[in-house]
Amino acid sequence: EKALLEICKQFDAMRRAWNGPIGVTSGYRPEPINRQVGGVQGSYHVKGMALDVYPIGESLGKFHQWLLQRWSGGYGDGRGKGFIHIDTRNGGRFEARAGVRPTTIWTY
């Protein structure tokens with residue numbers, strides 16, 4: 001529960017700073033569902049520490065450039081699949097002011 005509340009808190013801060021709607025394609029998922037959707041074993045989604053997000057009505061590329069400078073946890077560039085993965089590994093969080101970098105970045 002604590003992890004879920006934290007990722008929701010970070011999502012809300014991100015949404016307020018973006019000043020527009022942000023959709024979520026995936027959040028918490030139990031291990032059987034994680035396997036079914038092709039998620040990796042030990043996924044941060046299973047731990048309740050991850051979201052896959054996208055801006056509603058805005059360019060995903062623009063959102064990626066904006067968020068890449070403001071997210072300090074895990075960051076998966078899923079633009080080719082229509083989302084950006086964020087997770088709170090290593091104390092990752094959203095920072096309203098640009099100037100941070102994700103601790104881990106990968107591309108789907």
Side-chain angles (χ1 to χ4, degrees):
E1 282 183 13
K2 184 177 178 182
L4 285 169
L5 290 172
E6 182 58 29
I7 193 74
C8 289
K9 176 181 168 186
Q10 297 307 316
F11 174 78
D12 192 47
M14 177 179 61
R15 182 191 53 75
R16 281 189 314 240
W18 176 250
N19 199 28
I22 299 173
V24 177
T25 63
S26 186
Y28 169 76
R29 38 184 201 237
E31 190 58 56
I33 300 298
N34 189 57
R35 280 192 304 274
Q36 185 179 12
V37 300
V40 298
Q41 187 173 11
S43 166
Y44 282 87
H45 286 281
V46 175
K47 299 173 185 179
M49 297 171 64
L51 297 173
D52 294 340
V53 298
Y54 66 97
I56 296 173
E58 282 284 348
S59 158
L60 186 55
K62 178 181 173 183
F63 182 68
H64 160 73
Q65 292 299 325
W66 179 82
L67 186 56
L68 191 61
Q69 301 174 54
R70 291 170 174 82
W71 189 262
S72 66
Y75 189 96
D77 182 353
R79 285 178 290 168
K81 296 184 177 204
F83 67 89
I84 302 295
H85 168 97
I86 55 171
D87 66 53
T88 54
R89 73 180 75 193
N90 301 323
R93 57 184 290 122
F94 174 78
E95 297 291 339
R97 300 184 87 157
V100 298
R101 296 283 298 169
T103 59
T104 306
I105 304 172
W106 67 93
T107 302
Y108 289 95

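No experiment lies behind these values; they were computed from the predicted model shown.
A salt bridge does not link Lys9 to Asp12: none of the charged nitrogens lies less than 4.0 Å from a carboxylate oxygen.
Side chain of Asn90 to main chain of Gly92: no donor-acceptor pair is present (N/O by atom type, distance under 3.5 Å, no hydrogens or angles). In this structure, the side chain of His45 does not engage the main chain of Arg29 through any donor-acceptor pair within 3.5 Å. Not one N or O on the side chain of Trp71 forms a donor-acceptor pair closer than 3.5 Å with the backbone of Glu95.
For the pair Pro55/Leu60, a side-chain contact is recorded, criterion being any heavy-atom separation below 4.5 Å from C-beta on. Counting heavy atoms from C-beta on, the side chains of Leu67 and Ile84 come closer than 4.5 Å. The shortest side-chain heavy-atom distance between Met49 and Ile7 does not fall under the 4.5 Å cut-off. Within the 4.5 Å cutoff, side-chain heavy atoms of Ile86 are placed close to those of Met14. Between Glu6 and Phe11, the closest side-chain pair of non-hydrogen atoms is not below 4.5 Å.
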- Show your working on ring-ring contact (aromatic ring centres under 6.0 Å, His included) between Trp66 and Phe94 and close with a plain yes or no. CA-CA 11 Å; Trp66 179 82; Phe94 174 78; 5.6 Å; yes
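Residues His85 and Asp77 have side chains that never bring a donor and an acceptor to within less than 3.5 angstrom of each other.
Cation-pi check for Lys47 over Tyr44 is met; the charged atom lies under 6.0 angstrom from the ring centroid and within 45 degrees of its normal.
With ring centers used as reference points, Tyr75 lies under 6.0 Å from His64.
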